[in-house]
Amino acid sequence: HSHTNRISPPLPPAWARSDGWLSGNNECDWYGIECDNGKRVSGIQLGYNNLTGRVNGEISLLRESLRYMDVSDNVIANSFEELDFLGTLTSLSEW
């Protein structure tokens with residue numbers, strides 16, 4: 001009687017689209033990320049992408065270049081206090 005080890009294929013990523021993420025590629029090549037001519041992140045468009053968790057405060061490092069961010073219709077679990085850093089994103093405009 002022999003046992004066969006079966007390796008399951010990797011589960012698909014939870015995100016609806018994750019092209020380029022965690023690949024080592026420049027972030028300007030990642031799905032949902034747009035960059036300006038200086039290769040600085042100017043937009044994050046990840047609405048309806050099955051994201052879960054919290055928006056990390058490190059996003060404030062993009063305060064001079066980030067013009068818009070759309071993470072609508074995902075499961076983002078930050079409290080209002082945890083989103084205080086959004087006030088430092090002085091380049092954001094209404095979109």
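- Using a distance-only test at 3.5 Å, with no hydrogens or angles considered, no donor-acceptor pair links the side chain of N50 to the main chain of W15.
- Between the side chains of S42 and R67, not a single donor N or O lies within less than 3.5 Å of an accepting N or O.
- Counting non-hydrogen atoms of other residues, nucleotides and ligands closer than 6.0 Å to OH of Y48 gives a total of 12 or fewer.
- Sequence neighbours left out, the pairs with a member in residues 31-46 that pass salt bridge (Lys or Arg N to Asp or Glu O under 4.0 Å) are D36-R40.
- Pairs engaging residues 55-65 under the side-chain hydrogen bond (donor to acceptor under 3.5 Å, both in side chains) rule: none recorded [sequence neighbours left out].
- Ring-plane geometry between W30 and W21 is classed as tilted, the angle between the planes lying from 30 to 60 degrees on a 0 to 90 degree scale.
- For T88, there are no side chain to side chain donor-acceptor pair (under 3.5 Å) partners, not counting sequence neighbours.
- Rounded to the nearest 0.5 angstrom, N26 CG and C35 SG are separated by 6.0 Å.
- Using a distance-only test at 3.5 Å, with no hydrogens or angles considered, no donor-acceptor pair links the side chain of N49 to the main chain of L51.
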Please set out all donor-acceptor pairs under 3.5 angstrom arising from side-chain atoms of residues 80-87, sequence neighbours excluded.
unit_1 : atom_1 : unit_2 : atom_2 : d
E81    : OE1    : S79    : OG     : 3.4
E82    : OE1    : S79    : N      : 2.8
E82    : OE2    : R54    : NE     : 3.3

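- For S23, the side chain to side chain donor-acceptor pair (under 3.5 Å) partners two or more places apart in sequence, or in a different chain, are N25.
- Pairs of residues two or more places apart, or lying in two chains, that qualify as salt bridge (Lys or Arg N to Asp or Glu O under 4.0 Å) and include a residue from residues 18-30 are R17-D19.
- To the nearest 0.5 Å, atoms CG (L66) and CD1 (I33) are separated by 8.5 Å.
- Residues M69 and L61 fall into different hydrophobic clusters, defined by Ile, Leu, Val, Met, Phe, Trp and Tyr side chains chained together at heavy-atom separations under 4.5 Å.
- Under a hydrophobic-cluster definition in which Ile, Leu, Val, Met, Phe, Trp and Tyr are linked whenever side-chain heavy atoms come within less than 4.5 Å, directly or via other members, I76 and I44 are assigned to the same cluster.
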